[in-house]
Protein chains: 2
Amino acid sequence: MNILLVERHLDTEKQIKLPGSLIFSDEDVDDAAERVLHELTGIRKMVLKQFKCFADPMRANNEKDINWMGEEYKHHIDRIITVAYLSLCKIDHKINSTKYSTVDWFPIDQVPSLPFDHNKIISESLIEIRKWIESDFSIIFELLPKRFTIRQLYQLYTALSEKYIDIKNFHKKISSFNYIVPLDEIEKNVSHRAARYYKFDAKVFKKNNTKLIK
Amino acid sequence: MNILLVERHLDTEKQIKLPGSLIFSDEDVDDAAERVLHELTGIRKMVLKQFKCFADPMRANNEKDINWMGEEYKHHIDRIITVAYLSLCKIDHKINSTKYSTVDWFPIDQVPSLPFDHNKIISESLIEIRKWIESDFSIIFELLPKRFTIRQLYQLYTALSEKYIDIKNFHKKISSFNYIVPLDEIEKNVSHRAARYYKFDAKVFKKNNTKLIK
């Protein structure tokens, strides 16, 4: 699992951060989120879900962050409140920033120390994604290729989970789910033992997981 | 199901609204939500869940709302962005406002037209509560008395649901849930036919509803 980060420049120093910007005075936050995502990455029409407002009064009190805001936004900013949005997508989205030279995917477990409270925002976004998947497990299959190996599912699952999961137990559990269907295909051109491909059967999943309240 | 509303005064006119106020310049939104709830209702130590930021640029453009803000907050306010919090509790909480003379519970299906976008906030909060209960049905039992009748459960459930639910089908479905346990007690002093009391067995529920990801 990867996260999209951008590079900010302050004097000669580079630092990566979450993509984000100010909203206009006549703009709704939902519209601002779409606009900023498009400006920074070239991505349009992605379903963005507002997940939390970050408003700790001390979140932008670091000297570097204050200097960067002054240069970037040409305004004196007393306090900055961030409304964070979250989106999940397959990683093959083309990135085409009109604003930053460097916008890239970073493995979620290798994110360094970021400015503001951006590390906190990322860790809270993981909690949010976990809740989504708890309430609808089928979301996980939107992030996988159409045919996937159990190892791919395991890697994504463990990236999202808080705990270590034993791969043998995982295999056992997964094989009891009738909506994860083995295919007659195996991996080709791999150095390890070729694994079987599986597909997700949305119809079977839906039948087993009807909601009590609709 | 009821919602807590307060009465605002503008000249001689009274109008009810959602409880809310401005945050201080050095205050986090979570702390402001707790403070405002306490000032307006006397309630402390309630778990408040931030659920959405409302930022439509036109949400406070009504003349009455502009006049009321001017009187209430003694500031000229160009634009007001609301971070909405949500809490569920049993209805027997004592209300003791230091700020408003009238703070009271209103049946959710009898809420009149409210100022700002408060009706929209309420309808989105219902969608949010529905999601909570979809992902954890046991939440519904936190709102019921320890022993409850199926009619009480049905009434709460239908207040939360979007659709009409047939009470016979509801009875049938509920009786298939082994965590809803019939008691040896029936209602007393009621004009209609006395109904049986039930209790919620959290242990049985938990056993049947272990999450896949933790």
Side-chain angles (χ1 to χ4, degrees), chain A residues 23-33 49-59 61 78-79 81-85 117 124 126-140 153 156-165 170 173-174 176-177 180 209-214, chain B residues 23-33 49-59 61 78-79 81-85 117 124 126-140 153 156-165 170 173-174 176-177 180 209-214:
Chain A
I23 68 170
F24 290 121
S25 60
D26 60 351
E27 190 180 38
D28 198 343
V29 282
D30 287 359
D31 301 326
K49 169 100 177 54
Q50 193 198 103
F51 87 93
K52 197 166 180 187
C53 171
F54 292 84
D56 184 332
M58 303 298 283
R59 61 188 294 274
N61 277 19
D78 261 334
R79 184 173 178 189
I81 288 179
T82 286
V83 181
Y85 284 74
D117 52 359
E124 296 213 17
L126 279 174
I127 295 171
E128 179 74 11
I129 296 171
R130 228 171 269 144
K131 269 193 225 156
W132 295 0
I133 292 177
E134 268 184 15
S135 78
D136 181 2
F137 189 57
S138 70
I139 291 169
I140 209 164
L153 178 60
L156 182 57
Y157 187 93
T158 48
L160 290 168
S161 184
E162 274 178 300
K163 291 192 205 166
Y164 168 76
I165 302 152
F170 185 79
K173 194 150 197 174
I174 289 301
S176 75
F177 297 151
I180 300 176
N209 290 273
T210 47
K211 295 288 184 187
L212 200 57
I213 286 199
K214 265 174 210 157
Chain B
I23 68 169
F24 290 122
S25 60
D26 61 349
E27 190 179 37
D28 198 344
V29 282
D30 287 358
D31 301 327
K49 170 102 176 56
Q50 192 198 106
F51 88 93
K52 198 168 180 188
C53 170
F54 292 84
D56 184 332
M58 303 299 283
R59 61 189 293 275
N61 278 18
D78 261 335
R79 184 175 177 186
I81 288 178
T82 286
V83 181
Y85 284 74
D117 53 358
E124 296 214 16
L126 280 174
I127 296 171
E128 179 74 11
I129 295 171
R130 228 170 269 144
K131 270 193 227 156
W132 295 1
I133 291 177
E134 268 183 17
S135 77
D136 181 3
F137 189 57
S138 70
I139 290 170
I140 209 164
L153 178 60
L156 181 57
Y157 187 94
T158 49
L160 290 168
S161 184
E162 273 178 301
K163 291 192 203 166
Y164 167 77
I165 301 151
F170 185 79
K173 194 150 197 174
I174 289 302
S176 75
F177 296 152
I180 299 176
N209 291 274
T210 47
K211 295 287 184 188
L212 200 56
I213 286 199
K214 264 173 209 156

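Chain naming here is simple, since letters A, B, ... match the order of the sequence lines and numbering starts at 1 in each. Worth saying up front: this structure is predicted, and the values here are computed from it rather than measured.
Atom CZ of A:Phe51 sits about 15.0 Å away from atom NZ of B:Lys52, to the nearest 0.5 Å. Here the CG-CG distance, from B:Asp78 to A:Asp26, works out to 11.5 Å after rounding to the nearest 0.5 Å.
Residues B:Asp56 and A:Asp31 are not in side-chain contact: their nearest non-hydrogen atoms beyond the backbone lie 4.5 Å or more apart.
When each of B:Ala32, B:Ser25, B:Cys53 is checked for heavy-atom pairs under 4.5 Å with chain A, B:Cys53 comes out on top.
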* A:Asp28 and B:Ile81: side-chain contact (heavy atoms from CB on, under 4.5 Å), yes or no, with the steps? -> CA-CA 9 Å; A:Asp28 198 343; B:Ile81 288 178; over 6 Å; no
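For B:Phe54, no part lies under 4.5 angstrom from a heavy atom of chain A. Residue B:Val83 touches chain A through its side chain alone, counting heavy-atom pairs closer than 4.5 Å.
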